[in-house]
There are 2 protein chains.
Amino acid sequence: MTAGVPQEQGTESAAGPGRPRRSDATRAAILRAAQARFAADGYDRATIRAIAADARIDPSMVMRYYGSKEGLFAAAAEFDLCLPDLSGVPAERLGEALVGHFLSRWEGDDTLPALLRTASTNPGAAERVREIFTGQLAGAVARLVDDPTQALRRAGLVASQLLGVALTRYVLRLPPVVDMSPADLHAWLAPTVQRYLRAQDATSPGRS
Amino acid sequence: MTAGVPQEQGTESAAGPGRPRRSDATRAAILRAAQARFAADGYDRATIRAIAADARIDPSMVMRYYGSKEGLFAAAAEFDLCLPDLSGVPAERLGEALVGHFLSRWEGDDTLPALLRTASTNPGAAERVREIFTGQLAGAVARLVDDPTQALRRAGLVASQLLGVALTRYVLRLPPVVDMSPADLHAWLAPTVQRYLRAQDATSPGRS
DNA sequence: ACGGTATGCCAACACCTGTTGACTCCCCGA
DNA sequence: TCGGGGAGTCAACAGGTGTTGGCATACCGT
């Protein structure tokens, strides 16, 4: 009777640490390979076989530990904007603070490219991006903005500029955007974000 | 002898009008279906079979008329920014003019979403986007900007904002960005683009 | 009226995908 | 020491992909 409970280890990937399992190294290797492949190729082109080969492991292990390709992606695309507490920042420097945070958060972590590449074609991932936006960015912006009815719109504008940079710099790799230093990027983007956050309204959105 | 020259009609899709062929309607139907599918699903998920079904035609016809899936995409993603002549526009209204043009160009034509969705995963399409950027946008911006060494950078910044809007509005469909009217969008974006085009440099990029 | 040719469909190919189940081996606890 | 379950491999499945060649048909110039 080899049937019945298979091996009772399958799906509890993110359910508290428990005690360390012997396979944790393998799990981590799979996750690392998956993040790299998803970031480089997007969801469809990143095959489980390729990820398994990168992790020097059999494709079936991926299924055993993460259940399915979607499950693997969900685990690999766990993404936290890690927004800092901005309550101590003076109102006229919010743009600077936000832009600086995002640039340092994204340089050297390619989860965001993975998410963007995948969200472009995978409705589930797009929904995930919308959740991140609503739950993390829009929430933080609401705390910074006076008129709550305008908060969502302001957050959307900020997202359009910041995600636009992520798209052109990390995904499309437009040469001028790739070549700019983080400092230059910061100097150009901060006033834009500052205006989206604080300008009184669209009919007088600051002078050029 | 059915061999030899097959039917001598294959690959000359974009080689001058010639005289109209009887199959032009079919070709157009395929192209229309392809644009819709590529826009909605991206390159990988848009299957030739699905496109053919939409066009009420056999998949093999697609191959006959467009050679391969890549050839079909190349024909479907022919994209012209249709940049107008901006030489008559006063320098302080260039942002307005550019933003207004892009908004009216994109609303109601979903070639750009198709291109973005595909360029996220397909290196060839990403290269195409870079070409469009360099050949169309950067060229136009260079004509508007005084210091030619800064022109590319300015064009890159403009692209980051405009493509960011396209991404969040048409691809990711972030609700606040989707809900904004073109007029509101225009009022918010024009000053940003204006600053990217004309502000003296990054160390004094305009006040908030 | 006829013959060639452009047009279209059908069936199949070779390949690759995610996913599954059975099998071996080794480590760890009792 | 020994047994059980975790870790890992292998081979296969079923379905979908781009792509190809052969065959019927309707059109058009002569």
Side-chain angles (χ1 to χ4, degrees), chain A residues 1-13 18-30 33-34 37-38 41-76 118 121-122 124, chain B residues 1-13 18-30 33-34 37-38 41-76 118 121-122 124:
Chain A
M1 308 322 183
T2 58
V5 176
Q7 270 164 349
E8 77 167 30
Q9 65 197 112
T11 55
E12 54 135 346
S13 51
R19 80 159 161 297
R21 280 160 302 196
R22 208 169 6 127
S23 60
D24 282 348
T26 302
R27 289 179 136 88
I30 294 176
R37 280 281 176 181
F38 282 135
D41 301 339
Y43 186 84
D44 293 304
R45 289 169 120 87
T47 71
I48 288 201
R49 283 173 161 86
I51 291 169
D54 287 357
R56 305 183 158 281
I57 230 164
D58 190 87
S60 61
M61 302 301 297
V62 178
M63 308 305 296
R64 198 197 288 264
Y65 292 145
Y66 293 95
S68 70
K69 189 180 181 180
E70 293 230 16
L72 174 62
F73 179 78
T118 301
T121 51
N122 188 304
Chain B
M1 308 308 193
T2 58
V5 176
Q7 270 162 350
E8 79 169 31
Q9 64 195 113
T11 54
E12 55 133 348
S13 49
R19 78 160 162 295
R21 280 159 301 196
R22 204 166 14 122
S23 59
D24 282 348
T26 303
R27 290 178 136 87
I30 295 175
R37 281 282 176 180
F38 282 134
D41 301 339
Y43 186 83
D44 293 304
R45 288 170 120 87
T47 72
I48 288 200
R49 283 173 161 85
I51 292 169
D54 287 357
R56 306 183 159 280
I57 231 164
D58 190 87
S60 60
M61 303 302 298
V62 178
M63 307 304 298
R64 199 194 284 269
Y65 291 144
Y66 293 95
S68 68
K69 189 180 182 181
E70 293 229 17
L72 174 62
F73 178 78
T118 302
T121 52
N122 188 305

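In what follows, every heavy atom counts, from backbone to side chain, and hydrogens, waters and symmetry copies are set aside.
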Grab the two heavy atoms, one from B:Ser68 and one from B:Met63, that are nearest each other, plus how far apart they are. CA-CE, 3.6 Å
Find the distance B:Phe73:CZ to D:dT17:P and express it as a whole number of Å. 18 Å
What's the CG-C1' distance between A:Asp24 and D:dG6, to the nearest Å? 12 Å
So how far is it from A:Thr121 OG1 to B:Asn122 CG, rounded to the nearest 0.5 Å? 11.5 Å
What's the closest nucleotide to the B:Met61 side chain, out of D:dT19, C:dC9, D:dG8? C:dC9
In whole Å, what is the span from the CD1 atom of A:Ile51 to the P atom of C:dG18? 8 Å
Within this structure, what is the CZ-to-P distance between A:Arg56 and D:dG8, rounded to whole angstrom? 15 Å
Specify the closest pair of heavy atoms between B:Ala34 and B:Ala76, including all atoms of both residues, with the distance to one decimal. CB-CB, 4.2 Å
Phosphate oxygens OP1/OP2 of D:dG8: is one of them under 4.0 Å from a side-chain N or O of A:Tyr65? yes
Whole-Å distance, B:Arg64 CZ to C:dA6 P, equals 10 Å
Nearest-angstrom distance from the residue atom CG of B:Asp41 to P of D:dT17: 11 Å
Atom pair distance, as rounded to whole Å: CD1 in B:Ile48 and P in C:dG8: 16 Å
Between C1' of C:dG18 and OH of A:Tyr66, the distance in whole Å: 17 Å
Which heavy atom of A:Ile30 sits nearest a heavy atom of A:Ile51, and at what distance? O-CG2, 4.0 Å
Tell me the salt bridge (Lys or Arg N to Asp or Glu O under 4.0 Å) pairs involving residues 52-62 of chain A, sequence neighbours left out? A:Arg37-A:Asp54
Spell out, as yes or no, whether a donor-acceptor pair under 3.5 Å connects the side chain of B:Tyr66 to the backbone of B:Ala74. no
Relative to the ring of B:Phe38, is the ring of B:Tyr43 parallel (under 30°), tilted (30 to 60°) or perpendicular (over 60°)? parallel
Minimum-distance nucleotide to B:Ile57 side chain [options: C:dC9, C:dT19, D:dG8]: C:dC9
If the sugar-phosphate is the primed atoms plus P, OP1 and OP2 and the base is the rest, what is the B/S/- string for nucleotides 10-16 of chain D, using protein heavy atoms under 4.0 Å? B-B----
